[in-house]
Asks: 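Before we start, here is the structure in question, set down as structure tokens.
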Amino acid sequence: MAEVLKVAVGAEDDGGLLSDRIRNALTDEIASGALVAGSALEEQLLADRFGASRTPVREALRQLVVSGLVEVRGRRGLVVARMTPERIMDMFETSAEVEAMCVRLATYRMTPLERSHLIELHEGSLAMVEANDVDAYDAFNREFHECIYRATHNSFLAEQAQDVRSRLSAFRRTQLRQGDRIRKSRDEHDAIMQAIAEGDGETAARRMRAHMLNAASALRRYIDDRLG
């Protein structure tokens, strides 16, 4: 696995992109259980593994600390945080309710310009699905949901939704690797967009809740498959 991830990182000329690739590689391993809780993460060893300098590795680790996947533990330095499958599922359940609330309000409150931008984002994601480009789809998916948060025109709710999303970002990305989840995710977005277009906030909320719970189920299957 280390060799595959090392190839995926590529050249260091990318600057910030390199730290993102290292972060994504590590989040996949943490989310799948390949890197277990308590595993030490040493800058130099990771730099050697990914063929990078310590600077992008340090930035990647900083982002993982912010997301809660990595923690500082005294003299041991940085280690993988303990995150049980039950805890992850609880977080997805909470996120499902928050996201449902957001899309319900957004359906009734979004401006024509916001709706147009959301449609453009959704339409542009088809090429990512056809190419099975998980990284591109993950970036799109983040923007898609954040557009819905903003369209609630409730800054406090948007902040809370973003906080919950940040805690789950690694797992939401990793679940896209399970089977044909990336295509199903887009199909679910399509159903949500249809409800938004019809001005049916309640249906949009139900579909968003199901979308999030489907993502949780995909993540559980992905973890089970990886761990045998």
Side-chain angles (χ1 to χ4, degrees), residues 24 27-34 67-69 83-107 118-119 121-149 151-152 157-158 160-198 200-228:
N24 288 342
T27 55
D28 281 348
E29 291 193 22
I30 294 171
S32 69
S67 70
L69 292 180
M83 188 72 72
T84 66
E86 292 74 21
R87 174 70 169 176
I88 296 169
M89 294 304 116
D90 285 349
M91 291 166 67
F92 265 103
E93 183 179 52
T94 301
S95 182
E97 295 303 319
V98 174
E99 297 265 355
M101 188 186 309
C102 284
V103 79
R104 182 188 299 110
L105 284 180
T107 298
L118 198 60
I119 291 171
L121 280 174
H122 175 60
E123 291 178 346
S125 68
L126 180 59
M128 304 169 195
V129 172
E130 295 295 341
N132 198 34
D133 190 337
V134 172
D135 288 338
Y137 189 86
D138 176 58
F140 144 76
N141 194 41
R142 181 169 55 252
E143 177 61 17
F144 179 85
H145 284 267
E146 289 178 355
C147 281
I148 291 174
Y149 305 160
T152 65
L157 177 58
Q160 300 309 303
Q162 185 60 59
D163 286 347
V164 174
R165 181 176 185 83
S166 295
R167 294 286 300 277
L168 272 175
S169 60
F171 304 103
R172 291 179 72 156
R173 176 179 181 279
T174 299
Q175 56 90 21
L176 294 171
R177 297 190 181 280
Q178 201 283 325
D180 61 348
R181 177 58 197 159
I182 188 171
R183 185 173 296 278
K184 289 181 179 178
S185 174
R186 189 181 188 278
D187 289 344
E188 291 162 11
H189 282 175
D190 203 54
I192 293 167
M193 290 298 295
Q194 181 180 355
I196 291 174
E198 294 170 355
D200 189 345
E202 295 304 319
T203 297
R206 286 197 301 273
R207 290 175 178 175
M208 179 64 83
R209 184 181 296 108
H211 172 59
M212 293 302 302
L213 295 178
N214 287 340
S217 296
L219 176 64
R220 176 59 72 98
R221 289 193 298 273
Y222 178 82
I223 293 173
D224 289 345
D225 289 346
R226 293 292 295 274
L227 297 182

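Atom set for the values below is all heavy atoms of this structure, side chains included, hydrogens, waters and symmetry mates excluded. Quick caveat: nothing in here was measured; it's all calculated off a predicted structure.
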Asks: Which heavy atom in Cys147 sits nearest to a heavy atom in Leu121, and how many Å separate them?
Replies: SG-CD1, 3.6 Å
Asks: Please indicate whether Glu93 has more than 12 foreign heavy atoms, meaning atoms of other residues, nucleotides or ligands, lying under 6.0 Å from its CD.
Replies: no
Asks: Find out whether Thr174 and Leu219 are in side-chain contact, i.e. whether some heavy atom of one side chain is under 4.5 Å from a heavy atom of the other.
Replies: yes
Asks: If the condition is side-chain hydrogen bond (donor to acceptor under 3.5 Å, both in side chains), which residues does Asp138 pass it with, not counting sequence neighbours?
Replies: none
Asks: Indicate the atoms forming the closest heavy-atom contact of Ala158 with Tyr149, along with that distance.
Replies: CB-O, 3.7 Å
Asks: Please assess Gln162 against Glu146 for the test side-chain contact (heavy atoms from CB on, under 4.5 Å), listing each intermediate value before the final yes or no.
Replies: CA-CA 7 Å; Gln162 185 60 59; Glu146 289 178 355; 3.0 Å; yes
Asks: Could you check whether the rings of Phe140 and His189 sit parallel, tilted or perpendicular, using 30° and 60° as the cut-offs?
Replies: perpendicular
Asks: Cut-off 3.5 Å, side chains only: do Ser217 and Arg220 have a donor facing an acceptor?
Replies: no
Asks: Less than 4.5 Å apart, any side-chain heavy atom of Phe144 and any of Leu118?
Replies: yes
Asks: Do Lys184 and Gln178 have side chains that get closer than 4.5 Å, going by heavy atoms?
Replies: no
Asks: Any side-chain to backbone donor/acceptor pair from Asp190 onto Arg186? Under 3.5 Å, distance only.
Replies: no
Asks: Who passes side-chain contact (heavy atoms from CB on, under 4.5 Å) against Ser95, sequence neighbours left out?
Replies: Glu99, Val164, Leu168, Arg172, Met212
Asks: Of all heavy-atom pairs between Cys102 and Thr152, which one has the smallest distance, and what is that distance?
Replies: O-CG2, 3.2 Å
Asks: Between Arg165 and Arg142, does the side-chain contact (heavy atoms from CB on, under 4.5 Å) criterion hold? Intermediate values first, please.
Replies: CA-CA 9 Å; Arg165 181 176 185 83; Arg142 181 169 55 252; 3.9 Å; yes
Asks: Is the closest side-chain heavy-atom distance between Arg206 and Arg209 below 4.5 Å?
Replies: yes
Asks: Quick check on side-chain contact (heavy atoms from CB on, under 4.5 Å): which of Val129, Asn141, Asp133 does Ile182 satisfy it with?
Replies: Val129
Asks: Does any non-hydrogen side-chain atom of Thr27 lie less than 4.5 Å from one of Arg173?
Replies: yes
Asks: Quick one: list whatever passes side-chain contact (heavy atoms from CB on, under 4.5 Å) with Ala215, sequence neighbours left out.
Replies: Phe92, Gln175, Arg181
Asks: Nearest 0.5 Å please: distance from the CZ atom of Arg207 over to the CD1 atom of Ile196.
Replies: 10.5 Å
Asks: What are the two closest heavy atoms between Ala195 and Thr203, and how far apart are they?
Replies: CB-CG2, 3.9 Å
Asks: Below 4.5 Å, heavy atoms only, C-beta onward: do Arg183 and Glu130 meet side chain to side chain?
Replies: yes
Asks: Rounded to the nearest 0.5 Å, how far does CE of Met89 lie from CG of Leu213?
Replies: 10.0 Å
Asks: Can you find a heavy atom in the side chain of His211 that is under 4.5 Å from one in the side chain of His145?
Replies: yes
Asks: Mark yes when over 12 heavy atoms from residues, nucleotides or ligands other than Arg167 sit less than 6.0 Å from its CZ; otherwise mark no.
Replies: no
